Structures are given as C-alpha cells and as structure tokens.
Amino acid sequence: MRSTKAIIHLDNFMHNINAIRAFTKPGTKMCIPVKADAYGHGSVECARAALECGVEYLAVAAVDEGVELRENGIKAPILLFSLCDPEEIKTAVENDITPFVFDAEYIDLFAEEAKRQNKKAYPVHLAVDTGMGRIGCLEDEAAEMARHIAETKVLVQEGTMTHFAVSDDKASSSIEYTKLQFQRFQEAIQSIKDAGLNPGICHCANSAASLDLPETHLDMIRPGIIVYGYDAGDVNSQYLKEKETPIDLKPVMTLCTKVSAIKEFKKGMSVGYGRTWIADRDTKIAVLPVGYGDGFVRRFSTSGIQVSINGKSYPIRGRICMDQCMIELGPDTDVKRWDTVVLFGCKSDGAVMTAQDIADKTGTISYEITTVLTRRVPRVFVR
C-alpha cells in the first residue's frame, strides 16, 4: 500500500450519527448522503456503518453511485438527489433507486420505465423548490404534480422534500429566508393533503437545520457534512455551546503520508516549480509523496498549511506538485526518513490541522477538502 493514505475512522462516523440522533424526536427517520464517495470517505463502507446505526435511508447524486451500493449488497432505500439523464432511468429503476421528481416530463419518464419493468408502486419523492433555485416545482404547483404522480398508476409518492439555501448562515436576513422556505414547504404539503393526496415522508432539514431548527425535522432529517465530523457553517460547536445544545463531532478522515527523502539545503537554494521559495538560511527539506494528483491541491502551497510529524508542525515550501510536495524541517530536526506525516484530520492521530482549518485558510469549505481526494489514495477503514 502507498504511504499516502486516508484513515477513515468508522467509529467516529457512527459516533457522529448517534450524537445527531439525540437532537431528534423518537421516530424521526434519518437519511445519510453517501454521494461523492461519501464526501471522499468511502461510500460502501460508510453506508454499511450508517445502516448499522439504524439509519433508514441513504442518498446519492448519480445513478452509478447507487448502483455501486446495490452491487455491494446494500438493500436499504436509496434517494437520488440530482436529476439523471433519460438514458440512466432504466438503470435507476432496475436498481430501485428513488428519484426526486418535480415536472410532468420527468415523472412520465419514470412511470414509463417502471411499467416496462413491471414495477408496482415505484416510489418517488416530490421535490419542491422553496427558494434554492435548483430542482423542484414551486409550492403552488405541488398539488398538481402530486396528482400527476398518482395518475400514472405505477408511481407512488413516498415522500416530499425541499432544500434550504442558507440555514447554515445566522445573519438575520438568512434566518428570515429559511423561515420563508419552511413556510412555503408547509404550504406545499398542506396543498397536497387538501387535494386528498398523501405527501408521504416530508423532509427538509439539512445539517444546520438538523442541529439548530427542530421544527423543520418533520418526518426525516438529512444531515450531511456533520456526520463526517465538520460544522455546518455558522451552526458550529461554539454557537451550539452558547445555545446550550452542544454536540461533540469527531472528524472521520485523517490524511497521512511518510517522509520519502530529506535533503540538505544551503541558503539561496530554491524548491519546486517556479522557484517560488528560496531558502533564507541553511536548512533541511523533506519530500512527501503526496500532491494535487491525490487531492492535496496546489493552492495549499501558499496558504500557511502546516503538517505534523511526531507532534511538531512544519510548513509547506514551494509549489505543491502533482505527486509530491516539500516541507521545511529547519536546520536542526529529529525527523527521520520514513517518519509518518499527518496532513490533516483527527487530533488523536497527531494532526495539527483539520479539514475545516485548511478550508478556512484557503477560502473554501470542509466538504471540498475531503471530497477532492482522488481514488489513488487508499482508504483504510478502522474502528
């Protein structure tokens, strides 16, 4: 196995799920997204661990992601968060992947395929766009679309959903917008009921709402980034502590590698492409076999990222390459070749930075830091 690998702490993943459950009333279902390879953590293994915790639904963004789960023996309901191409619908139905639908054309495509495959009462969830601006019918169209689903005679409306745009932002305007979205969603649900139809499982609470807005939990919550151990925007550990609803989230991934070489540098020598860093003293440079081809991306080069070796911090020097990067050890160091380097992750693994710390320094979100890790980085699952 490569020295560069991602350690996935499934025990932390399961801890986070159980901690989130404490925020919900008994009987509230939970849907865990394992899309994008479970945010880079390994979809199949995370799906199995989630189901072991009693999670009722899984979610993916692409049909192929759902097929991968089915091919690995996962039989739980799988929601398809994004739209698929008409050519993928046959595969989706064959694998009992439940789509979000919202217009007549898309509803009819699934109905026709379900009939071809002789599927009875094929489940779909009606998506309502209450202000996200992506998929979904408007709230005043919800009853009409619910009726269209029922009229297919082969589809059944198993659920109704919407998605919040700014529930993780505690600015007053965002708080009001989330309230407006929830009001619109409730009106859509009521219109479906008034039409004599069953909206099914109603769900809208993402990570932030799952922890901060219990009134939005309804029948099911859909926590995402928090199950992988990271805060949902402004709904962070400090905010929840001040609100007297604290939660202990644990990072699930640790990215590590090993020192592959140590080089003596004289003052004035440069490191890497573009000679962006030149030694201002005699020092030592360590070469690490990890780069942007692994998802440890180039923009980290000048962002003040620190890695950890034996509990001490060391800065990146020069530009991160596709397959390697360099760090400065200083003139006097006890670091040896083949020592383990922790790039980010769990403090229990010796990390000095989490994915959130790196995200803060590079102007992005923790989701991106873990999700961009490529397939060539082995995932090692531990409990």
Side-chain angles (χ1 to χ4, degrees), residues 31-33 35-36 39 57 59-63 65 79-86 88-89 92 97-110 124-149 157-192 199-213 215-226 231-235 359 363-368 371:
C31 172
I32 298 297
K35 58 181 181 171
Y39 296 32
Y57 281 75
V60 297
V63 173
E65 292 176 335
L79 300 182
L80 180 63
F81 278 1
S82 299
L83 303 182
C84 63
D85 189 272
E88 297 177 289
I89 290 176
I97 297 168
T98 303
F100 288 172
V101 300
F102 67 94
D103 65 27
E105 178 185 4
Y106 200 59
I107 291 167
D108 289 344
L109 286 171
F110 271 92
V124 299
H125 286 223
L126 178 64
V128 182
D129 180 9
T130 58
M132 184 67 178
R134 298 193 307 198
I135 67 171
C137 62
L138 298 179
E139 64 270 19
D140 58 4
E141 301 170 329
E144 178 188 350
M145 290 300 105
R147 189 176 295 108
H148 193 81
I149 292 169
Q157 187 172 338
E158 183 189 62
T160 306
M161 64 77 60
T162 196
H163 192 56
F164 292 133
V166 287
S167 59
D168 59 349
D169 187 343
K170 301 317 294 179
S172 58
S173 60
S174 295
I175 292 171
E176 290 305 311
Y177 194 75
T178 301
K179 288 180 181 177
L180 175 61
Q181 281 196 265
F182 188 52
Q183 178 186 335
R184 289 171 174 169
F185 188 51
Q186 290 177 302
E187 290 171 357
I189 293 168
Q190 189 59 50
S191 73
I192 294 169
I201 300 166
C202 298
H203 52 108
C204 60
N206 55 7
S207 285
S210 294
L211 300 183
D212 191 35
L213 302 172
E215 67 274 18
T216 69
H217 290 180
L218 303 179
D219 303 314
M220 182 166 72
I221 63 171
R222 305 189 309 263
I225 192 62
I226 55 177
D231 293 329
D234 292 347
V235 182
T364 186
I365 53 178
S366 57
Y367 310 61
E368 184 183 31
T371 302

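Keep in mind it's a predicted model, so treat the numbers as computed, not measured. Position 1 is the first residue of the sequence, and the numbers go up from there.
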Short side-chain to backbone donor-acceptor contact, Thr160 and Leu126, under 3.5 Å: no
pair Gln183-Thr130: side-chain heavy atoms closer than 4.5 Å: no
From CA spacing to verdict: side-chain contact (heavy atoms from CB on, under 4.5 Å), Met132, Thr162: CA-CA 8 Å; Met132 184 67 178; Thr162 196; over 6 Å; no
Donor-acceptor side-chain pairing of Asp103 and His148 below 3.5 angstrom: no
Residue pair Tyr177 / Phe164, side-chain heavy-atom distance below 4.5 Å: no
Selection residues 168-191 - residue pairs positive for salt bridge (charged side-chain N to carboxylate O under 4.0 Å, His left out), sequence neighbours left out: Glu139-Arg184, Lys170-Asp212, Glu176-Lys179
Heavy atoms from other residues, nucleotides or ligands near CD of Glu215 exceed 12 (cutoff 6.0 Å): yes
Listed partners of Glu141 passing salt bridge (charged side-chain N to carboxylate O under 4.0 Å, His left out), at least two apart: none
Parallel, tilted or perpendicular, as decided by the 30° and 60° cut-offs, for the rings of Tyr106 and Phe110: perpendicular
Spacing of CD1 belonging to Ile221 relative to CG belonging to Leu213, to within rounding of 0.5 Å: 12.0 Å
Nearest atoms (heavy-atom pairs only) where Val235 meets Ser167: CG2-O, 4.0 Å
Backbone of Ser210 reached by a side-chain donor or acceptor of His217 within 3.5 Å: yes
